[in-house]
Enquirer: 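My structure is below; once you've seen it, I'll send some questions.
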Amino acid sequence: MKRSIPELQQAEVPLVMVTAYDYPGGRHAEAAGVDLILVGDSLGNVVLGYDSTAPVTLSDMIHHARAVRRGAPDTFMVVDLPFGTYHTGVQDAMRHAVRVIQETGADAVKMEGATPEILEVVQTLTRNGIPVMGHVGLLPQTATAQGGLRVQGKDDASARLTLDGAAALEAAGAFAIVLEVIPARLAKLVSERLRIPTIGIGAGVHCGGQVLVTHDLLGVYEGEEKKIAKRYAELGRAAREAIEAYAAEVRAREFPTKDNAFVMKDDVLGKLY
Ligand code: KIV
């Protein structure tokens with residue numbers, strides 16, 4: 001059964017969130033019993049082959065989230081608002097969030113940052129009944145402005161920005177906050193200060209939950225081990241080996257066998273000669 005926001009907020013064991021981008025991803029996540037699915041704009045990196053999340057569009061997100069929802073009708077689904085869709089004013093953000101909710105069946109949207117402009121958007125959306133998950137620390141959509149994909153919150157100013165940003169997002173109405181790639185001790189402090197759950201990625205064990213990009217945890221890409229993730233499978237290797245085995249059998253005329261083929265009566269065949 002889909003968990004409600006109060007249930008998610010009162011959970012006594014860490015929340016489990018994974019990303020999904022398509023129908024099988026949604027099915028696997030729901031069958032595994034995760035608490036939340038995030039249709040992340042990491043879609044751009046792990047599915048669409050971009051080198052950042054910036055090119056991902058609202059249409060991309062809606063297209064993929066609809067497929068995830070078909071695979072996971074009973075799991076709380078959060079959809080990322082992609083870069084540029086909540087940066088041009090509250091009304092644009094509201095219109096884009098409404099499209100995501102109406103067209104995908106999402107339960108909530110997520111957006112990155114805690115600037116005064118973003119806080120105003122969070123406040124407007126939540127007051128109008130759209131649940132928002134916040135996101136502080138490393139912000140992939142604007143990572144260039146943060147000095148690249150690097151740990152945030154290591155110095156006084158950056159740690160203060162993260163702590164205050166998370167508190168401001170809670171005050172603005174966010175129901176949960178992703179903490180991405182910040183020191184574990186800072187994530188612990190943020191998590192202790194907030195009443196809403198924090199969901200960490202590269203933020204240590206003291207968060208209210210954890211999120212991983214599914215392609216990282218499944219090892220979809222061979223050879224890429226990330227410090228912030230753990231591989232629980234080697235699907236990339238398994239996929240390559242399976243395709244290599246198929247190719248070898250085709251070339252050796254070992255596949256298809258007669259079990260994979262259809263029969264024809266002699267007299268029907270005879271009439272063709
Ligand atoms: O897009 C995404 O996958 C995310 C997670 C890394 C939290 O935002």
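Counting starts at 1 for both ligands and their atoms, in listed order. Heavy atoms only: backbone and side chains are in, while hydrogens, waters and symmetry mates are out. The first residue in the sequence is number 1, and the count goes up from there.
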Enquirer: If I apply the N/O under 3.5 Å rule, does Asp41 come out as touching ligand 1?
Expert: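 N/O-N/O distance under 3.5 Å: yes.
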Enquirer: Are the side chains of Asn45 and Asp51 in contact, using a 4.5 Å heavy-atom criterion?
Expert: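 No. Closest side-chain heavy atoms not under 4.5 Å.
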Enquirer: In ligand 1, which numbered atoms sit nearer than 4.0 Å to a non-hydrogen atom of His135?
Expert: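 Going through ligand 1 atom by atom, the ones under 4.0 Å from His135 are 8 (O).
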Enquirer: Between the side chains of Arg70 and Asp22, is the shortest nitrogen-to-carboxylate-oxygen separation below 4.0 Å, so that they form an ion pair?
Expert: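 Here Asp22 does not pair with Arg70 in a salt bridge, since their nearest N and O are not under 4.0 Å apart.
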Enquirer: What part of Lys110, side chain from CB on, backbone N/CA/C/O, both or neither, has a heavy atom under 4.0 Å from ligand 1?
Expert: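 For Lys110, the contact with ligand 1 is made by the side chain alone.
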Enquirer: Test of understanding: given a 4.0 Å heavy-atom threshold, classify the contact between Leu43 and ligand 1 as side chain, backbone, both, or neither.
Expert: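 It is neither part, as no heavy atom is under 4.0 Å.
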Enquirer: Mark up the atoms of ligand 1 that fall under 4.0 Å of a heavy atom belonging to Thr19, in ascending order.
Expert: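 Matching atoms, with element in brackets: 3 (O).
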Enquirer: What protein heavy atom is closest to atom 4 (C) of ligand 1, reported as residue, atom name and distance in Å?
Expert: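 Closest protein heavy atom to atom 4 (C) of ligand 1: Leu38 CD2, 3.6 Å.
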Enquirer: Just so I know, are the side chains of Leu36 and Val16 near enough to count as touching, which here means a heavy-atom distance under 4.5 Å?
Expert: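 Not touching, per the 4.5 Å side-chain cut-off.
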Enquirer: Look only at interatomic distance and state if Glu180 has a nitrogen or oxygen under 3.5 Å from any nitrogen or oxygen of ligand 1.
Expert: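 No, Glu180 has no N/O under 3.5 Å of an N/O on ligand 1.
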Enquirer: Which of the atoms of ligand 1 are close to Gly40, meaning less than 4.0 Å from one of its heavy atoms?
Expert: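 Those atoms are 1 (O), 2 (C), 3 (O).
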Enquirer: Apply side-chain contact (heavy atoms from CB on, under 4.5 Å) to Val18 and Val211, showing your working.
Expert: CA-CA 5 Å; Val18 294; Val211 55; 5.9 Å; no
Enquirer: Can you tell me if Tyr86 and Gln141 form a side-chain donor-acceptor pair at under 3.5 Å?
Expert: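 Tyr86 vs Gln141: donor-acceptor pair found between side chains.
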Enquirer: Do Tyr23 and Met77 share a hydrophobic cluster (ILVMFWY, side-chain heavy atoms under 4.5 Å, transitive)?
Expert: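 No, it is not one cluster - the side chains of Tyr23 and Met77 are not joined through contacts under 4.5 Å.
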Enquirer: May I ask you to identify the nearest protein heavy atom to atom 2 (C) of ligand 1, giving residue, atom name and distance to one decimal place in Å?
Expert: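 Heavy-atom neighbour on the protein nearest atom 2 (C) of ligand 1: Ser42 OG, 3.3 Å.
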Enquirer: Can you tell me how far the CG atom of Leu163 sits from the CG atom of Leu179, to the nearest 0.5 Å?
Expert: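 Leu163 atom CG to Leu179 atom CG measures 10.5 Å (nearest 0.5 Å).
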Enquirer: Could you tell me whether Asp80 and ligand 1 have an N or O pair separated by under 3.5 Å?
Expert: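 Asp80 vs ligand 1: N/O contact under 3.5 Å present.
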Enquirer: Does a sphere of radius 6.0 Å around CZ in Arg231 hold more than 12 heavy atoms from other residues, nucleotides or ligands, not counting ones at 6.0 Å or beyond?
Expert: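 Yes, the 6.0 Å shell around CZ holds more than 12 heavy atoms from other groups.
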Enquirer: Are any of the N or O atoms of Tyr21 closer than 3.5 Å to those of ligand 1?
Expert: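 N/O-N/O distance below 3.5 Å does not exist for this pair.
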